[in-house]
**Student:** 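What follows is a single structure, and I will ask about it in a moment.
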Protein chains: 2
Amino acid sequence: MARKTDLLPGTLDMLILKTLTRGALHGYGIAASIKNLSEDVLTVEEGSLYPALQRLLLQGWVRAEWKITETNRRARFYTLTAAGRKQLGHELSQFDQMIAAIGRVLQDA
Amino acid sequence: MARKTDLLPGTLDMLILKTLTRGALHGYGIAASIKNLSEDVLTVEEGSLYPALQRLLLQGWVRAEWKITETNRRARFYTLTAAGRKQLGHELSQFDQMIAAIGRVLQDA
DNA sequence: GCTTTATCCATAGCTTATCTATGGATAGAA
DNA sequence: TTCTATCCATAGATAAGCTATGGATAAAGC
C-alpha cells in the first residue's frame, strides 16, 4: 500500500501517556517532545493529537487544566492519572509482546 | 481505547511478504505460519488476510496460481515477485526505524 | 454411511485510527 | 507591522483490520 504514515498506527496513545510520565504538558509540547525524542522520525499531526487527547480524557487516563505557559500563552496542560499510569503499563507490555512476536516472524530461518 | 487488535496495524503486508520469502504458500498456510512463528501472539483473521492478499496482488508484489495442496485441495499459492522482495526491504527498514524511534520515546529519562 | 473437524476461498459491512485541510488566536521577534 | 512560532480544535476523507457470513471438500472417527 505504500502506506504514508507518520506513526505506527496503534501506538499514539501509548506515546502520549509515556510522554506525560515526565510531567504535565500541553498538546503542542507533547507533539514536540515526541518529535524530539524520536529524532524527527515520529511526527504527531495536530489532527491526530487532539482527537487522541479527547479519547484519553474520556477514558479518564489524563486530566486537563488551562494554565499559562512560560511563553505567556493559555494552554491546556495534561496530567497522567493513576488509571492512565496503569493503562500505560498494559499498553507497554502488550506492545513488547507484539514486537517480540513480530521479531520472531521476521527473523530468517 | 483498549484497542482490540490481533496485529500491530500497518505490519500485516510486511509479515505476509516476509512469510513468502520462505517459499510459496496459500492463504491458509500464510496465516498458520504467522500464528506459529509468533507463538500464537499474532492472529491473522481471514477477513484481514484475503483483502491484504488482493492488495499485494494489485501492487504486483505477489503472484498467485491455483494448485493442489499435499492434502489434495485446490488452493491459491502466492509467490513473492522481485518487486515484492524490494518492497519488503523498504518496509523492513522503515519498520526498524520506527521501532527504534518508539524505543527512544519509551525509554526512561 | 454419517457426522464432525480441519482445510481452503472470499466478500460485505462496520469500526476506528490517522491524515489532510481548515480555521482561529496571540506573543514576540524582526 | 509583518512574520513566525506557539497554541487550540474540528470536519471530512482514507484505509486497515475485524466481525460475520457463506460456501466447499478431504479425511478421520464413529
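Every chain is numbered from 1, with letters handed out A, B, ... down the list of sequences. No hydrogens, no waters, no symmetry mates; every other heavy atom, side chains included, goes into these values. Note that this is a predicted model, so its numbers are computed, not measured.
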**Student:** Could you tell me whether the side chain of Leu37(A) reaches within less than 4.5 Å of the side chain of Leu106(B), counting heavy atoms only?
**Tutor:** no
**Student:** Is any side-chain N or O of Thr69(B) closer than 4.0 Å to OP1 or OP2 of dC8(C)?
**Tutor:** yes
**Student:** Less than 4.0 angstrom between a side-chain N/O of Thr71(B) and OP1 or OP2 of dA6(C), yes or no?
**Tutor:** no
**Student:** Check every atom of dT19(D), dG22(D), dT18(C) against the side chain of Glu45(B) and return the nucleotide holding the closest atom.
**Tutor:**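 The answer is dT19(D), which lies nearest to the side chain.
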**Student:** Between dA10(C), dT18(C), dC8(D), which one does the side chain of His26(A) approach most closely?
**Tutor:** dC8(D)
**Student:** Base, sugar-phosphate alone, or nothing: which one does Thr43(B) contact when heavy atoms must sit under 4.0 Å apart?
**Tutor:**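 Since no nucleic acid heavy atom lies under 4.0 Å of Thr43(B), the category is nothing.
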**Student:** I want to check one thing: is the phosphate of dG23(D), taken as OP1 and OP2, less than 4.0 Å away from some side-chain N or O of Arg73(B)?
**Tutor:**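 It does not, given that no N or O in the side chain of Arg73(B) lies less than 4.0 Å from OP1 or OP2 of dG23(D).
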**Student:** Taking atom C1' of dT26(C) as reference, at what distance in whole Å does atom NZ of Lys67(A) sit?
**Tutor:**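 Taking atom C1' of dT26(C) as the reference, NZ of Lys67(A) is at 21 Å.
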**Student:** Less than 3.5 Å between a donor and an acceptor, one on the side chain of Glu46(B) and one on the base of dC9(C), is that the case here?
**Tutor:**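 Donor-acceptor pair under 3.5 Å: yes.
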**Student:** Compare all side-chain heavy atoms of Leu42(B) with those of Thr11(B) and state whether any distance is below 4.5 angstrom.
**Tutor:**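 No, too far: nothing below the 4.5 Å cut-off.
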**Student:** What is the distance, rounded to the nearest whole Å, between atom CG of Leu7(A) and atom C1' of dC19(C)?
**Tutor:**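 These atoms are roughly 10 Å apart.
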**Student:** Taking only N and O in the side chain of Arg76(A), is any of them less than 4.0 Å away from OP1 or OP2 of dA9(D)?
**Tutor:**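 Indeed, a polar side-chain atom of Arg76(A) lies that close.
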**Student:** Is the shortest side-chain N/O distance from Thr5(A) to OP1 or OP2 of dT18(C) below 4.0 Å?
**Tutor:**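 For dT18(C), OP1/OP2 do not have a side-chain N/O of Thr5(A) under 4.0 Å.
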**Student:** In whole angstrom, what separates Asn72(B)'s CG from dA26(D)'s P?
**Tutor:** 7 Å
**Student:** How many whole angstroms separate atom CD of Glu70(B) from atom C1' of dC8(C)?
**Tutor:** 13 Å
**Student:** Leu53(A) has an atom CG; how far is it from atom C1' of dC7(D), in whole Å?
**Tutor:** 13 Å
**Student:** Is it true that Glu39(B) and Arg104(A) have a side-chain N and a carboxylate O under 4.0 angstrom from each other?
**Tutor:** yes
**Student:** Are any of Arg74(A)'s side-chain N or O atoms less than 4.0 Å away from OP1 or OP2 of dA9(D)?
**Tutor:**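 No, because none of the side-chain N or O atoms of Arg74(A) sits under 4.0 Å from OP1 or OP2 of dA9(D).
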**Student:** If we check ring pair (Phe, Tyr, Trp, His ring centres under 6.0 Å) with His26(A), which of these qualifies: Trp66(A), Tyr78(A), Phe77(A), Tyr50(A)?
**Tutor:**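 Of the listed options, the one satisfying the test is Phe77(A).
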**Student:** Given atom CG of Leu49(B) and atom C1' of dA20(D), what is their separation to the nearest angstrom?
**Tutor:**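 Rounded to the whole Å, the gap is 16 Å.
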**Student:** Heavy atoms under 4.0 Å, any strand shown: does Gly47(A) hit a base, just sugar-phosphate, or nothing?
**Tutor:** base
**Student:** Where the side chain of Tyr50(B) is defined as all heavy atoms beyond and including C-beta, which of dC19(C), dC8(C), dG17(D) is the nearest nucleotide?
**Tutor:** dC8(C)
**Student:** Out of dA5(D), dA17(C), dC8(C), which nucleotide sits closest to the side chain of Tyr28(A)?
**Tutor:**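 Among dA5(D), dA17(C), dC8(C), the one nearest the side chain of Tyr28(A) is dA5(D).
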**Student:** Leu8(B) and Met98(A): which non-hydrogen atoms are nearest, and at how many Å?
**Tutor:** N-SD, 3.6 Å
**Student:** How long is the span from the CG atom in Leu56(A) to the CD atom in Gln87(A), to the nearest 0.5 Å?
**Tutor:** 9.0 Å
**Student:** Would you kindly compare Gln54(A) and Ala75(A) by the position of their nearest DNA chain D nucleotide and give the one closer to the 5′ end?
**Tutor:**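 Comparing both residues, the 5'-ward one is Ala75(A).
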**Student:** Could you tell me how far apart Arg55(B) (CZ) and dA10(C) (C1') are, to the nearest whole angstrom?
**Tutor:** 15 Å
**Student:** To the nearest Å, give me how far apart CG (Asp6(A)) and P (dA17(C)) are.
**Tutor:**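 So the CG-P distance, Asp6(A) to dA17(C), works out to 17 Å.
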